[in-house]
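Accompanying notes for the structure given below.
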Amino acid sequence: QVQLVESGGGSVQAGGSLRLSCAASGYPYNRRCMGWFRQAPGKQREGVATADIDGGTVYLDSVEGRFTISRDDVQRTLYLQMNNLKPEDTGKYYCARARSAPYCYSWFLRDPKEFDTWGQGTQVTVSS
């Protein structure tokens with residue numbers, strides 16, 4: 001069974017940057033669509049970005065141009081580079097692995113049920 005562990009969260013001022021990492025361990029490590037989700041207090045979990053096995057990416061409109069998702073399947077690590085952070089980016093960030101799909105369809109950002117393996121999350125707090 002694969003486990004996911006996020007790291008890299010923290011507190012920054014608006015305009016700052018953070019880089020999140022998600023390390024996968026366990027077997028079997030079948031290459032699948034991976035994604036980052038976030039959840040702010042009192043709000044539903046929302047998809048931030050996905051990356052498929054060929055490097056195809058999809059982003060939430062509000063982070064497009066500021067965030068970059070990438071993956072290194074040799075190191076079994078998923079990344080999220082976050083630049084020009086805004087207070088509305090505050091939340092707990094989770095990485096997730098799709099149930100079976102190697103490629104990420106556009107609706108995956110809106111449907112967390114497409115993902116069956118989740119990390120514990122890492123907190124990101126952006127102050128104004």
Side-chain angles (χ1 to χ4, degrees):
Q1 188 172 352
V2 173
Q3 294 84 42
L4 303 176
V5 178
E6 303 94 337
S7 61
S11 297
V12 296
Q13 290 191 325
S17 298
L18 286 172
R19 188 191 195 205
L20 306 184
S21 298
C22 171
S25 62
Y27 294 90
Y29 182 75
N30 300 316
R31 297 173 70 211
R32 299 182 188 172
C33 167
M34 300 284 294
W36 287 98
F37 290 75
R38 67 186 181 190
Q39 188 165 20
K43 294 188 177 181
Q44 287 191 329
R45 190 171 296 191
E46 66 175 353
V48 175
T50 60
D52 64 33
I53 63 171
D54 286 344
T57 58
V58 178
Y59 293 94
L60 181 69
D61 285 348
S62 63
V63 308
E64 183 90 50
R66 300 188 296 121
F67 291 11
T68 303
I69 187 172
S70 61
R71 58 191 289 168
D72 182 338
D73 287 330
V74 174
Q75 297 296 325
R76 302 173 69 173
T77 303
L78 181 73
Y79 302 98
L80 185 67
Q81 177 66 45
M82 306 185 295
N83 298 327
N84 190 21
L85 281 160
K86 302 177 180 181
E88 51 264 41
D89 295 318
T90 293
K92 197 163 189 180
Y93 283 68
Y94 300 86
C95 75
R97 193 174 80 134
R99 291 182 180 280
S100 61
Y103 297 96
C104 310
Y105 296 96
S106 59
W107 68 82
F108 279 19
L109 277 185
R110 302 187 299 275
D111 194 356
K113 295 190 300 296
E114 292 291 338
F115 298 82
D116 65 350
T117 304
W118 294 83
Q120 293 299 307
T122 185
Q123 180 67 35
V124 171
T125 303
V126 185
S127 57
S128 57

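Keep in mind it's a predicted model, so treat the numbers as computed, not measured.
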Point to revise | Gap between atom CG of Asp111 and atom OG of Ser106 - 0.5 Å precision | key: 11.0 Å
Point to revise | Sequence-distant partners of Arg45, salt bridge (Lys or Arg N to Asp or Glu O under 4.0 Å), two or more places apart | key: none
Review point. Is the CG atom of Asp61 crowded by more than 12 outside heavy atoms at less than 6.0 Å?
Key: no
Review point. Which residues satisfy the side chain to side chain donor-acceptor pair (under 3.5 Å) test with Asp116, sequence neighbours excluded?
Key: none
Point to revise | Counterpart residues, ring-ring contact (aromatic ring centres under 6.0 Å, His included), relative to Tyr105 (two or more places apart) | key: Trp107, Phe108
Review point. With Val63, which residues qualify under side-chain contact (heavy atoms from CB on, under 4.5 Å), at least two apart?
Key: Arg38, Val48, Tyr59, Leu60, Arg66, Phe67, Asp89
Practice item. Could you pull out the closest heavy-atom pair between Thr50 and Cys33, with the gap in Å? Key: CB-SG, 4.3 Å
Exercise for review: Please name all residues satisfying ring-ring contact (aromatic ring centres under 6.0 Å, His included) with Tyr94, sequence neighbours left out, ordered by chain then number.
Suggested key: none
Practice item. Taking atom types as modelled, find out whether Asn83 and Ser17 have a side-chain donor-acceptor pair closer than 3.5 angstrom. Key: yes
Review point. Closest approach of Pro87 and Ser127, non-hydrogen atoms and distance?
Key: CG-C, 4.4 Å
Review point. Phe115, Leu109: one ILVMFWY side-chain cluster at the under-4.5 Å cut-off?
Key: no
**Study point:** Interatomic spacing from CZ in Arg32 to OG1 in Thr117 - rounded to 0.5 Å
**Key:** 6.5 Å
Point to revise | Within one Ile-Leu-Val-Met-Phe-Trp-Tyr cluster: Met34 and Ile53, side-chain cutoff 4.5 Å | key: no
Exercise for review: Show the numbers, then the answer: is there a side-chain contact (heavy atoms from CB on, under 4.5 Å) between Arg76 and Val74?
Suggested key: CA-CA 5 Å; Arg76 302 173 69 173; Val74 174; over 6 Å; no
Review point. Is there a side-chain contact (heavy atoms from CB on, under 4.5 Å) between Val126 and Gln13 once you walk through the steps?
Key: CA-CA 5 Å; Val126 185; Gln13 290 191 325; over 6 Å; no
Point to revise | Distance (rounded to the nearest 0.5 Å) between Ser25 OG and Gln3 CD | key: 4.5 Å
Practice item. Mind checking the CD1-CG spacing from Ile69 to Leu20? Nearest 0.5 Å is all I need. Key: 10.0 Å
Check your understanding: What residues form a side-chain contact (heavy atoms from CB on, under 4.5 Å) with Glu88, not counting sequence neighbours?
Key -> Lys86
Revision key, fill the gap. Between the SG atom in Cys95 and the CG atom in Leu80, the distance rounded to the nearest 0.5 Å is 10.5 Å
**Study point:** ILVMFWY network linking Val12 to Trp36, side-chain heavy atoms under 4.5 angstrom
**Key:** yes
Check your understanding: Linking I/L/V/M/F/W/Y whenever any side-chain heavy atoms sit under 4.5 Å apart, do Leu78 and Tyr93 land together?
Key -> yes
Point to revise | Residues, nucleotides or ligands: over 12 heavy atoms within 6.0 Å of Gln120 CD | key: no
Check your understanding: Nearest 0.5 Å, what's the CD-OG1 distance between Gln39 and Thr90?
Key -> 14.0 Å
Review point. Judged by atom type as modelled, is there a donor-acceptor pair below 3.5 Å linking the side chain of Glu114 to the main-chain atoms of Ala98?
Key: no
